[in-house]
There are 2 protein chains.
Amino acid sequence: MSPSKKGRSNRRRAAVSIRDVARRARVSIATVSRAVNRISTVDPELAKRVWKAVDEVGYVPNTQARALVSGRSRILGLIVSEITNPFFPELVQEFENLAVAQGYEVMIGSTSYDPVRTESLIRRMLQRGVDGVAIMTFGIEEDLVTKLVEREFPLVFVDAGPELPNIRVLKVNYSEGIREAVQHLAALGHRQIAFITGPLRLRSAAARRDAFRKSMGEVGLPVPSRHLIEGNHTMEGGMTAIERLVALPELPTAVLCSNDMTAIGVLHGLYETTHKIPRDISVVGFDDIHLAQFMLPPLTTVQMSCKDLATAAVQALRAGIEPDHPKAAQKEWLIPTRLVVRKSTEFPRGTLPALGKAVSARRGVAREKSPSL
Amino acid sequence: MSPSKKGRSNRRRAAVSIRDVARRARVSIATVSRAVNRISTVDPELAKRVWKAVDEVGYVPNTQARALVSGRSRILGLIVSEITNPFFPELVQEFENLAVAQGYEVMIGSTSYDPVRTESLIRRMLQRGVDGVAIMTFGIEEDLVTKLVEREFPLVFVDAGPELPNIRVLKVNYSEGIREAVQHLAALGHRQIAFITGPLRLRSAAARRDAFRKSMGEVGLPVPSRHLIEGNHTMEGGMTAIERLVALPELPTAVLCSNDMTAIGVLHGLYETTHKIPRDISVVGFDDIHLAQFMLPPLTTVQMSCKDLATAAVQALRAGIEPDHPKAAQKEWLIPTRLVVRKSTEFPRGTLPALGKAVSARRGVAREKSPSL
DNA sequence: GCGTTTATAGAAAGCGTTTCCCCATCCGGA
DNA sequence: TCCGGATGGGGAAACGCTTTCTATAAACGC
């Protein structure tokens with residue numbers, strides 16, 4: 001307590017410090033520090049005494065001081081494109097759970113696709129002394145990244161960062177899930193399949209588009225440029241894109257979207273134009289956000305597990321931060337994707353309704369987890 | 001640079017410190033500190049010299065050291081119920097923008113309605129030395145809060161915290177918007193209006209229910225207990241609740257939900273039971289999340305602006321943190337709510353279709369912003 | 001029995017700031 | 001000319017911790 005000490009003006013609380021523990025346990029502060037940090041050179045008997053004292057006085061190490069002296073804050077930075085896109089909160093949640101369980105705190109930032117914001121965000125994170133940053137978006141100034149890499153600052157990218165050594169990358173296997181989606185549609189009898197991309201300056205968006213093109217090629221279907229529309233990964237973008245498709249002389253029978261939000265926008269746009277889904281047109285999303293199964297109709301979509309993504313991100317960061325991490329040398333992490341069939345895909349319009357009975361053809365692909373109803 | 005200095009083992013980067021600036025500007029570190037913190041007693045000429053040196057050596061103050069010595073971290077804590085509920089990311093976004101613009105960083109946490117998580121979250125925030133916490137959820141151990149209040153730790157609650165002095169409260173005027181919603185439905189001719197609540201241990205959920213009861217009383221409508229169903233503010237909860245309503249001998253003609261996620265669940269549940277909205281039943285949400293206008297049909301809902309909420313929260317926090325803040329004495333902030341009419345509400349089923357033309361009756365309440373299509 | 005390791009604890013040196021205290025300088029008044 | 005009070009800058013002491021270096025005691029080999 002020591003109320004005699006005339007407190008500094010602004011100081012909030014005279015927290016109990018390592019010195020109080022030391023006094024109580026009748027040891028030096030060095031020993032307390034070692035005991036608390038579980039350093040093996042301290043005698044077990046003494047350590048017990050220290051821990052007892054810690055409990056008695058209610059000691060909590062001061063993170064600021066610890067960070068100041070050790071140069072490590074135990075904070076992980078996580079940068080996402082847009083926190084209001086429901087995929088990201090799910091990711092953030094998983095990431096945070098994992099990080100906290102492993103003794104790290106998380107500092108989150110959302111760029112809104114704005115390079116200026118991104119840069120100031122990274123600066124803020126560095127200033128706060130984060131130990132590493134996972135960048136789950138793009139549109140980053142290459143030279144900032146280069147500078148960080150030179151400092152050997154731990155960075156983790158999704159898909160593919162700049163071509164630089166010493167950064168870690170989570171490679172999402174887009175082809176896998178998108179191929180399943182295209183084959184699912186092709187198997188149903190679709191020939192005219194459109195694709196609504198994300199903002200193409202995002203590598204992840206371009207990668208999804210490329211995977212689509214490749215998969216279409218594999219089943220021998222053409223991709224005319226009028227069926228490749230650039231969106232922006234938002235509902236508004238999905239609406240605009242579907243309006244352009246609707247304006248075409250012939251509406252494609254199916255449309256695959258670069259993410260679920262786009263697909264939701266498409267659903268909404270088709271509602272406005274009184275098209276029915278999946279009767280008039282089949283719609284497939286990407287991400288499998290929680291919301292997808294609650295859409296009307298429930299959305300067939302390619303699942304990219306944010307649990308997988310978060311797990312890999314945390315692991316990759318720790319690999320870069322902790323010198324003797326078991327995976328310190330690993331530079332790439334692979335993230336799988338897979339199709340989840342729900343109700344927004346069906347045989348193309350004009351197909352004999354009798355075929356509607358042949359549902360078994362679909363069940364072959366369907367791998368939906370037991371729905372939560 | 002000083003490469004001769006044999007660096008500590010783990011140290012990341014020998015950042016440029018206040019000493020480098022002092023050397024360069026040929027002043028003491030005390031002067032640099034004062035200049036950088038814009039303390040008026042430093043000679044303008046000297047200050048200019050210091051700033052020049054700051055630029056030249058690329059000095060960035062070390063936040064950890066600053067926090068350690070000043071006892072203030074310039075971090076605001078923000079605790080929300082569930083980051084995956086889209087209302088909260090919108091709130092987080094606004095909060096963060098405001099905080100950063102005012103020189104604060106934000107530490108976010110999501111409780112998932114779990115008191116244990118909440119408590120550990122608060123502890124983590126305290127350990128990281130946040131200057132204050134805005135608690136936008138409930139289910140908090142009263143004694144933890146009491147302890148914090150005794151320490152004069154700045155806390156901000158929504159609706160009403162525990163009955164304690166010295167905490168700040170954002171009072172949301174639920175009655176306002178909910179009354180508008182009930183009157184809107186009553187004016188359309190609805191007599192049987194059900195309400196799906198949130199988890200009732202949340203004060204905010206109970207407050208919404210009470211506002212509903214009161215508004216119903218005002219228009220002379222009864223609220224039989226079978227029309228008051230407890231949900232949990234999730235889509236799943238909305239589905240379960242609507243199933244119970246559907247199982248009733250007579251389906252109410254309208255249902256008001258305690259939040260938009262519940263309403264989305266209701267929409268989905270009614271899709272499964274092949275009821276049509278709004279023909280068979282009108283649905284009203286609460287929050288006005290961005291997604292609401294993209295539902296099928298677009299959701300009529302009560303808007304609670306997260307911008308208002310965030311603005312008030314940041315202001316209230318700063319009022320508690322900064323001793324000479326202009327609003328230091330203010331203890332309550334008022335947040336308005338209002339109805340936004342879209343397409344999920346209509347005349348009750350069985351009403352003469354001719355009445356369908358009398359749309360002007362609705363437009364009187366409608367105040368939808370220009371839709372973003 | 002003496003010198004030499006091997007354990008373990010303590011003393012003390014920082015980490016990069018802010019801020020208190022004091023001293024030099026300057027100005028005005030007597 | 002001298003003194004008192006401002007004014008503004010520098011020295012140095014914290015802040016709470018980690019870690020190196022040193023000291024002591026015990027264990028050990030010859």
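Per chain, numbering begins at 1; letters A, B, ... match sequence-line order. Everything numeric in this text was worked out from a predicted model, so none of it was measured.
Side-chain proximity of A:T31 to the nucleotides C:dA9, C:dT18, D:dT18 is greatest for C:dA9. Each of C:dG16, D:dG9, D:dG16 was ranked by its minimum atom distance to the side chain of B:S17; first place goes to C:dG16. Of the candidate nucleotides D:dC17, C:dT17, C:dT8, C:dT17 has the atom lying nearest to any side-chain atom of B:R19. Checked against D:dG10, D:dC17, C:dT18, the side chain of B:S28 finds its nearest nucleotide in D:dG10. Distance from the side chain of A:V69 is smallest to D:dT18 among C:dG10, C:dT17, D:dT18. With C:dT19, C:dG16, C:dA11 as the candidates, the nucleotide lying closest to the side chain of A:A30 is C:dA11. Of the candidates C:dT17, D:dG10, D:dG8, D:dG8 carries the atom nearest the B:D43 side chain, counting heavy atoms from C-beta on. Of the candidates D:dG16, C:dA9, D:dT18, the closest approach to any side-chain atom of A:S70 belongs to D:dT18. Side-chain proximity of A:R66 to D:dC17, C:dG16, C:dA9: nearest is D:dC17. Of the candidates C:dA9, D:dG8, C:dT18, the closest approach to any side-chain atom of B:N37 belongs to C:dT18.
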Open item on the list: One pair to check against salt bridge (charged side-chain N to carboxylate O under 4.0 Å, His left out): A:R128 and A:E105. What are the steps and the verdict?
Closed with: CA-CA 12 Å; A:R128 291 285 170 181; A:E105 206 50 71; over 6 Å; no
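A straight line from OH of A:Y59 to C1' of D:dT18 spans 10 Å, rounded to a whole angstrom. Atom-to-atom, CG of A:N62 to P of C:dT17 comes out at 17 Å; the value is rounded to the nearest Å. The CZ-C1' distance, from B:R49 to D:dG9, rounds to 11 Å in whole Å. The CZ-C1' distance, from B:R26 to D:dG8, rounds to 17 Å in whole Å. Separating the CZ atom of A:R23 from the P atom of C:dA9 is a distance of 20 Å, rounded to the nearest angstrom. Between the CG atom of B:L68 and the C1' atom of D:dC17 there is a distance of 8 Å, given to the nearest Å. Atom C1' of nucleotide C:dA9 and atom CD1 of A:I18 are separated by 14 Å, given to the nearest angstrom. Look at CZ on A:R34: it is 8 Å from C1' on C:dG10, rounded to the nearest Å.
Salt bridge annotation for A:R123-A:E119: present, with a cationic side-chain nitrogen under 4.0 angstrom from a carboxylate oxygen. Using a 4.0 Å cut-off between a side-chain N of Lys or Arg and a carboxylate O of Asp or Glu, B:D20 and B:R23 qualify as a salt bridge.
Between C:dT18 and B:S33, a contact under 4.0 Å exists linking OP1 or OP2 to a side-chain N or O.
Side chains of A:I122 and A:I135 form a contact here, defined as non-hydrogen atoms less than 4.5 Å apart.
Backbone-only contact: A:L46 has heavy atoms under 4.0 Å from sugar-phosphate atoms and none from a base. At the heavy-atom level, A:V32 lies nowhere under 4.0 Å from the strands shown.
Map A:I29 and A:P44 each onto its nearest nucleotide of DNA chain C; the residue landing nearer the 5' end is A:P44.
One N or O on the side chain of A:R168 and one on the backbone of A:A328 form a donor-acceptor pair closer than 3.5 Å. In this structure, the side chain of A:S70 engages the main chain of A:R72 through a donor-acceptor pair within 3.5 Å.
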